[in-house]
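It should be emphasised that the depicted structure is a prediction, and the values quoted were computed from it without experimental measurement. Order of the sequence lines fixes the chain letters, A, B, ..., with proteins taken first and strands second; residue numbering starts at 1 for each chain.
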Protein chains: 2
Amino acid sequence: MRPALSITEPKQSLGAVAYREIYRRIMTLDFEPGQRLEEKRLMAQLGIGRTPIREALMHLSDDFMVESHPKAAVIVRPITIQNTRATFAALKVLEAGVVELAMRQEISAMLPELEAANHAVKAAIARMDIIELVEANSRFHHAFARCSLNEYIVNCLHKVRCETNRLAYLSYGNEIDPDRSLQTHYRSVIREHDTIIETLKKRDENRLKKTILQHVNTFQQRIIRYMAS
Amino acid sequence: MRPALSITEPKQSLGAVAYREIYRRIMTLDFEPGQRLEEKRLMAQLGIGRTPIREALMHLSDDFMVESHPKAAVIVRPITIQNTRATFAALKVLEAGVVELAMRQEISAMLPELEAANHAVKAAIARMDIIELVEANSRFHHAFARCSLNEYIVNCLHKVRCETNRLAYLSYGNEIDPDRSLQTHYRSVIREHDTIIETLKKRDENRLKKTILQHVNTFQQRIIRYMAS
DNA sequence: TTAAATATATACTTGACATATATTGTATGG
DNA sequence: CCATACAATATATGTCAAGTATATATTTAA
């Protein structure tokens, strides 16, 4: 039996702590795209030794959040048109795959998490808390991905989501579209999330796939408009 | 200008060396599923320090080739029915995705590599060199995945392929089906590979997708028969 | 069978060294 | 005088070694 402490603090490794913290700073653009991440600096900033820092950087590299240039430098991955295109292309393939797989699985265990995340998204929008919005939205899509019960797909979507989260921070921080306002966008997101849960419960494969792809498009159009501006 | 040595030996890091060597031993079932991999042992066996060994084990864990039990042990990932099912499910989603993406890309640069790997597969079959067969087949499918020009998909398929390679070694090492012989299986593989290249060149999306999924099925059926025996 | 004590391997730290890369500085040629 | 190429330097990374603390697994005892 583990001590009660473990319930709230699963005694995560320092490597995991470093990953989370650097991840957060990259996501929130505190560490800007292209910026160099030096081990010594990170050690000082996070108060953590070199071993877990290097471990975290390796994992971030696996997740395509940083680029590793051996013997030279680790830099925050630049945001480019090409990368963004590839991100959305992968997103469509994988989310559609989730739908196909989820329809052949028992997924009732995932629903509470999905609905909790959905609720958190709505609350964050109501409070206009962008950081929490992106994180709750990330949890929602992670829970959705897990409906595939396929660790490969879940893992790959995690990496794609690292990038979409960064894009979300980028675009939500700026009002970019005078016609179709941010509020209108949020309403679309909420409506689509609700529809996703609804069709998932009904196991309506065609409508679910259509909704998911539309949901990706809703976001993609926003990003395209952002990058064009 | 780099020394001539770099052309053949790109001066890979010891971490990469360790990864490759442990990967090879897992793939060839020299390290058996479930077997524990101790750092000290690996250090002695490979003559490499602890840092790159740990780095390699982390990457192998990312690739689902080993399971990491923090503070306890790293073990070679067991081969189970469930994992195998998930592997093939992901394979079908991702390979179909590759087809969709490849059809909208300029992929002529990938064709030489595809054809070279295909040739190597045929040669390995002719020589009945199972190790080279699996590796050449792996290169073929890696080249095919790269036709998507999508690093997320390529990366995910790499992980899936780690598992399918292991399954291939497992099944090719044993004659398991008296009716449908190993030679018949090889002939199917060769025919399907040829068709894949052919339809890729012709950009015949429907036929390519059909062929790829059939190719996956050809292998899956063999594995199912193997596991049933 | 459960619980306590022990042993071992991992997670992490510190310090050090070699090397590859980037940077600076120098020299040569246009 | 400027630009290019080359040489020297500095710095950060890759790797090793040794040691500490701790968590897990194992053994022992109850």
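Between C/dT10, C/dA11, C/dT21, one nucleotide has an atom nearer to the side chain of A/Ser13 than all others, and that is C/dA11. Distance from the side chain of A/Glu38 is smallest for D/dT13 among the nucleotides D/dT15, D/dA25, D/dT13. You'll find that the side chain of A/Ala72 is closest to C/dA22, out of C/dA22, D/dG14, C/dC12.
The only option from B/His142, B/His141, B/Glu95, B/Arg146 that meets the side chain to side chain contact (heavy atoms under 4.5 Å, CB included) definition with B/Leu157 turns out to be B/Glu95. For the salt bridge (Lys or Arg N to Asp or Glu O under 4.0 Å) test with A/Glu132, the passing option among A/Lys122, A/Arg127, A/Arg139 is A/Arg139; the others fail.
The residue A/Arg36 sits close only to the backbone: its heavy atoms come under 4.0 Å of sugar-phosphate atoms, none of a base.
Rounded to an integer number of Å, the gap from CD of A/Gln12 to P of D/dT22 is 17 Å. Atom-to-atom, NE2 of A/His69 to C1' of C/dA22 comes out at 13 Å; the value is rounded to the nearest Å. Distance, A/His59 NE2 to C/dA11 P: 11 Å, rounded to whole Å. Taking atom CE on A/Met43 and atom P on C/dT14, their separation rounds to 7 Å, with Å as the unit. Look at CZ on A/Arg50: it is 14 Å from C1' on D/dA17, rounded to the nearest Å. Atoms CG (B/Leu57) and C1' (C/dA9) sit 13 Å apart, rounded to a whole Å. Between the CZ atom of B/Arg54 and the P atom of D/dC16 there is a distance of 14 Å, rounded to whole Å. The distance between atom NZ of B/Lys71 and atom P of D/dT20, rounded to the nearest whole Å, is 15 Å.
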A/Val98 vs A/Val154, side-chain contact (heavy atoms from CB on, under 4.5 Å): CA-CA, chis, key distance, verdict
CA-CA 9 Å; A/Val98 170; A/Val154 169; over 6 Å; no

Is there a side-chain contact (heavy atoms from CB on, under 4.5 Å) between B/Asn217 and B/Gln220 once you walk through the steps?
CA-CA 5 Å; B/Asn217 263 320; B/Gln220 186 178 20; 3.3 Å; yes

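A/Ile75 places none of its side-chain heavy atoms less than 4.5 Å from the side chain of A/Val66.
Between A/Pro70 and A/Ala16, the residue anchored nearer the 5' end of DNA chain C, judged by the nucleotide with its closest heavy atom, is A/Ala16.
At C/dA9, one or more side-chain N or O atoms of B/Lys40 fall inside 4.0 Å of OP1 or OP2 (strictly under the cut-off).
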